[in-house]
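Notes to accompany the following structure.
As a basis for the values below, the full set of heavy atoms in this structure was taken, side chains included, without hydrogen atoms, waters or symmetry mates. When a residue number appears, it is its place in the shown sequence, counting from 1.
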Amino acid sequence: MSPQRNGNFWISVKHAGEGLFYAIRTQRNFRIHLVATALVVLMGVWLRLPGASWAILALMIGLVLVTEMMNTAAEALVDLASPDYHPLAKLVKDVAAGAVLVIALTSVVVGLIILGPPLLAELGL
């Protein structure tokens with residue numbers, strides 16, 4: 001890889017897409033988050049959520065997916081820098097994974113707050 005910056009916007013978009021497709025292709029947890037995203041979107045459509053609720057859900061979905069991708073990047077970088085076991089390498093990986101856990105749990109809480117009341121109303125409960 002050349003240390004020069006690429007000045008072509010479309011080539012930059014291509015590289016970003018390659019990173020996204022790498023995450024989809026190789027990261028099981030990323031695919032699990034995508035399945036959860038699809039279920040949330042289907043439920044939101046079924047419940048006819050208002051725009052503000054969609055905006056909040058979209059932000060949370062984006063945060064979870066981005067955090068998962070940053071975790072993947074951190075793991076790859078640590079593996080490159082420290083192929084052998086090192087306690088600091090473990091720490092970096094654990095903290096990055098912990099960040100994913102925090103945002104995933106937060107998104108579940110936000111999802112319950114947004115989807116719970118209309119779902120209970122739809123079910124007559």
(message) Evaluate M43 against L49 for side chain to side chain contact (heavy atoms under 4.5 Å, CB included), listing each step before the verdict.
(response) CA-CA 9 Å; M43 186 173 291; L49 292 178; over 6 Å; no
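One finds the CG atom of D94 at 9.5 Å from the CD atom of E75 (value rounded to the nearest 0.5 Å). Once rounded to the nearest 0.5 Å, the distance linking OG1 of T37 with CG of L42 reads 11.0 Å. Between the OG1 atom in T67 and the CD1 atom in I103 there is a gap of 5.5 Å [rounded to 0.5 Å]. Taking CG of L63 as the start and CE of M70 as the end, the distance is 12.5 Å to the nearest 0.5 Å. Considering CZ of R31 and CD of E68, their distance stands at 10.5 Å, rounded to 0.5 Å. For the atom pair R28 CZ and H33 NE2, the distance stands at 10.0 Å (nearest 0.5 Å).
Taking hydrophobic clusters as Ile, Leu, Val, Met, Phe, Trp and Tyr residues chained together by side-chain heavy-atom distances below 4.5 Å, V100 does not share a cluster with I61. L39 and L59 fall into different hydrophobic clusters, where Ile, Leu, Val, Met, Phe, Trp and Tyr are joined by side-chain heavy atoms under 4.5 Å apart, directly or via other members. Residues V45 and L123 fall within the same hydrophobic cluster, defined by Ile, Leu, Val, Met, Phe, Trp and Tyr side chains chained together at heavy-atom separations under 4.5 Å. When hydrophobic clusters are built by joining Ile, Leu, Val, Met, Phe, Trp and Tyr residues whose side-chain heavy atoms come closer than 4.5 Å, directly or via intermediates, M60 is grouped together with L47. Under a hydrophobic clustering in which Ile, Leu, Val, Met, Phe, Trp and Tyr are joined whenever their side-chain heavy atoms come within less than 4.5 Å, directly or via other members, L101 and L112 fall into different clusters.
Considering every non-hydrogen atom in both A96 and N71, the closest pair reads CB-OD1, 3.1 Å. Between E122 and R48, the shortest heavy-atom distance links the atoms OE1-NH2, 3.8 Å. Taking both residues in full, the closest heavy atoms of A89 and V78 are given as CB-CG1, 3.4 Å, listed atom of the first, atom of the second, then distance. Taking each heavy atom of S53 and I114 in turn, the nearest pair found is CB-CG2, 3.7 Å. Contact between F30 and L65 at its shortest, heavy atoms only, is CE1-O, 3.6 Å. Nearest heavy-atom pair, V102 versus T106, reported as atom, atom and distance to 0.1 Å: O-OG1, 2.8 Å.
Not counting sequence neighbours, N29 has no partner by the side chain to side chain donor-acceptor pair (under 3.5 Å) test.
The local environment of OH in Y85 is crowded, with over 12 non-hydrogen atoms from other residues, nucleotides or ligands closer than 6.0 Å.
Taking 4.5 Å as the limit, every side-chain heavy atom of V109 sits out of range of all side-chain heavy atoms of L105.
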